[in-house]
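Working notes, beginning with the structure itself.
Being a predicted model, the structure only gives us computed values, none of them experimental. All residue numbers refer to positions in the sequence shown, counting from 1. Just the heavy atoms: all of them, side chains too, but no hydrogens, waters or symmetry mates, feed the values below.
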Amino acid sequence: MAELKYWVWLSSVAGMGPGNVRRLLERFESPDQVFFAQREEFEALGWLSAGAINALCAKKLYQAVEIIDRCAAHGWQILTVRDAAYPERLRNIYDPPVVLYVRGGLPYLDGEAVVGVVGTRNCTPYGLKAAERMGYELAKSGCVVTTGLARGIDTAAAKGALRGGGKVIGVLGCGLDVVYPAENDRLYDDVAAVGALITEYPPGTEPSGRHFPARNRIISGIALGITVIEAPEKSGSIITANHALEQGRDVFVVPGNIDSPASAGSNALLREGAIAVMSGYDIAREYEAGFARRIDASDRGADVPVEPAETVSPFPAAQVEKQTEEREPDAQAQPAQEPMDLSPEEQAVYDVLAGGKLHVDEIMARCGVEPGAALSALTMLEISGVIRQEPGKFFSRL
């Protein structure tokens, strides 16, 4: 535990996102060296905000020990980015989580054909049926399904995979002890029993809108490919697909109704070159050669035991409205020539981009906003259609 407490401490310091932690470790080599560094050393770096420096100098190691004890009491595992059991695929993305909290039995993901399934919460009955079928057929083929366990498409895909006898990796935007949405408590138990729940957030962390874009990079990071089912034109699922493309992953799309706003974004991905799929077996065949002993993509026919749509459909709009502040940024947003009603963080990031295209590290250095909030602002501005992300983690105004 001697080394682990410093990892947990560093990952939990306010204002320190994964990118800043990576840069600190490049300078100080290990988290304990960061812990014992002096204020002058942090100030000399020139890129840490005053708030981040104050948080680093507060040295609240006792909180890390409490987190470790809490996980041990529940039998939850803590993996650091330098542990051998940490997924190599995830370690190699641009901004891997510094720490992963794990409930259940995390399989050796680098030896598995892991496929992500994402889509809107406000889905149609067609989308629910397609998601459950995809999850079921991927599991039957031997693939591991990963999803965010949100309402709608995510939940249906996870249930389908469990019915297919497969493993599911649920990636959370909250602590392992927080069930979100609340009705998925039994699903959490089922996923942990045969697969794992993972998160970069320590126990007790409540869901927040800015957590979900960060969570999405983990879904694509552990997967070989992402399957998009019903995503509006501006949605978190499209951001996940973009993460996948940046990480060199495949992007699959289940074609949707051309008249449905719920499929506007996913159908647009098909125009841009995503792979159209009609079944989970189509996806499994893409990986059969590389996982010959694990994958059997022979089509067994449409024998998916699907629940009635109403049992897995999202909450009524009135109930969802009550959770607006915590829900994922997945609703369609209309682009505007001049953005209105931006948060202070979003406005600061948007103003920095007035001079033209900038790399994400330069944006965070210039905007005066804490790194986690800056990354969240970038995602929300992209979803709103006022900026775009370009290859290499560059951003520019539209």
Side-chain angles (χ1 to χ4, degrees), residues 1-65 67-68 78-101 199-202 205 210-211 213-214 217-218 221 243 246-247 345 348-349 352-353 357-379 389 391-395:
M1 183 175 121
E3 180 76 6
L4 180 59
K5 65 185 178 183
Y6 295 110
W7 281 104
V8 173
W9 165 77
L10 184 56
S11 70
S12 303
V13 172
M16 294 294 297
N20 271 354
V21 171
R22 172 179 55 81
R23 296 174 73 183
L24 275 178
L25 292 175
E26 289 172 356
R27 165 64 178 81
F28 293 102
E29 297 186 2
S30 65
D32 58 314
Q33 291 187 35
V34 177
F35 181 82
F36 290 108
Q38 301 301 307
R39 178 179 294 271
E40 294 76 18
E41 295 178 84
F42 295 135
E43 292 174 342
L45 296 174
W47 47 265
L48 280 171
S49 69
I53 292 173
N54 289 336
L56 286 166
C57 293
K59 313 289 187 184
K60 295 182 178 179
L61 197 61
Y62 71 91
Q63 294 178 343
V65 175
I67 290 171
I68 293 171
I78 305 176
L79 294 178
T80 77
V81 70
R82 292 185 181 171
D83 285 339
Y86 190 99
E88 191 68 20
R89 290 178 197 146
L90 186 60
R91 197 193 332 260
N92 288 331
I93 69 172
Y94 175 78
D95 49 355
V98 180
V99 165
L100 282 179
Y101 299 92
T199 180
E200 63 183 319
Y201 301 106
T205 303
R210 64 188 179 89
H211 292 169
R217 84 191 192 287
I218 301 176
H243 280 311
E246 289 173 8
Q247 295 163 357
E345 294 80 9
V349 170
V352 165
L353 290 171
K357 181 171 67 176
L358 291 175
H359 189 268
V360 62
D361 289 339
E362 193 166 3
I363 294 170
M364 289 193 291
R366 291 188 186 183
C367 70
V369 177
E370 290 188 349
L375 289 173
S376 176
L378 280 169
T379 299
Q389 182 174 173
K393 286 284 181 179
F394 285 89
F395 291 83

Exercise. Side chain of Q247, backbone of G221: donor and acceptor closer than 3.5 Å?
Worked result: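 At least one qualifying donor-acceptor pair exists.
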Out of curiosity, [X] [atom1] to [Y] [atom2], how far, rounded to the nearest 0.5 Å?
| X | Y | atom1 | atom2 | result |
| --- | --- | --- | --- | --- |
| F395 | Q389 | CZ | CD | 3.5 Å |
| L358 | L378 | CG | CG | 10.0 Å |
| T80 | L10 | OG1 | CG | 11.0 Å |

Problem set entry | More than 12 heavy atoms of other groups within 6.0 Å of K60 NZ | no
Exercise. Got a sec, which residues hit salt bridge (Lys or Arg N to Asp or Glu O under 4.0 Å) with K357, two or more places apart in sequence or on another chain?
Worked result: E390
Could you report the tightest heavy-atom contact between [X] and [Y], atom names first, then the distance?
| X | Y | value |
| --- | --- | --- |
| I363 | V352 | CA-CG1, 4.4 Å |
| V369 | A348 | CG2-CB, 3.8 Å |
| P97 | V81 | O-CB, 3.8 Å |
| P31 | L25 | N-CD2, 3.7 Å |
| A84 | R91 | O-NH2, 4.2 Å |
| W9 | A64 | N-CB, 3.6 Å |

Going by atom type alone, with no hydrogens or angles, which donor-acceptor pairs under 3.5 Å involve a side-chain atom of residues 34-45 and a protein atom two or more places apart or on another chain?
{"residue": "Q38", "atom": "NE2", "partner": "F36", "partner atom": "O", "Å": "3.3"}
{"residue": "R39", "atom": "NH1", "partner": "N54", "partner atom": "OD1", "Å": "2.9"}
{"residue": "R39", "atom": "NH2", "partner": "N54", "partner atom": "OD1", "Å": "3.2"}
{"residue": "E41", "atom": "OE2", "partner": "Q38", "partner atom": "N", "Å": "2.9"}

For this session: In sequence, state the C-alpha distance, the side-chain angles, and the governing distance for R27 and R23, and then conclude on side chain to side chain contact (heavy atoms under 4.5 Å, CB included).
Result: CA-CA 7 Å; R27 165 64 178 81; R23 296 174 73 183; over 6 Å; no
Side-chain contact, heavy-atom cut-off 4.5 Å: [X] with [Y]?
| X | Y | answer |
| --- | --- | --- |
| P18 | V21 | no |
| T199 | T205 | no |
| V13 | N20 | no |
| D32 | E3 | yes |
| I78 | W7 | no |

For this session: Tell me, with the steps shown, if I67 and Y101 meet side chain to side chain contact (heavy atoms under 4.5 Å, CB included).
Result: CA-CA 10 Å; I67 290 171; Y101 299 92; 3.7 Å; yes
For this session: Would you check, one step at a time, whether the test side chain to side chain contact (heavy atoms under 4.5 Å, CB included) holds for D95 with V360?
Result: CA-CA 11 Å; D95 49 355; V360 62; over 6 Å; no
Exercise. Can a cation-pi geometry be assigned to R217 and Y94, taking NZ or CZ under 6.0 Å from the six-membered ring centre and within 45° of the ring axis?
Worked result: no
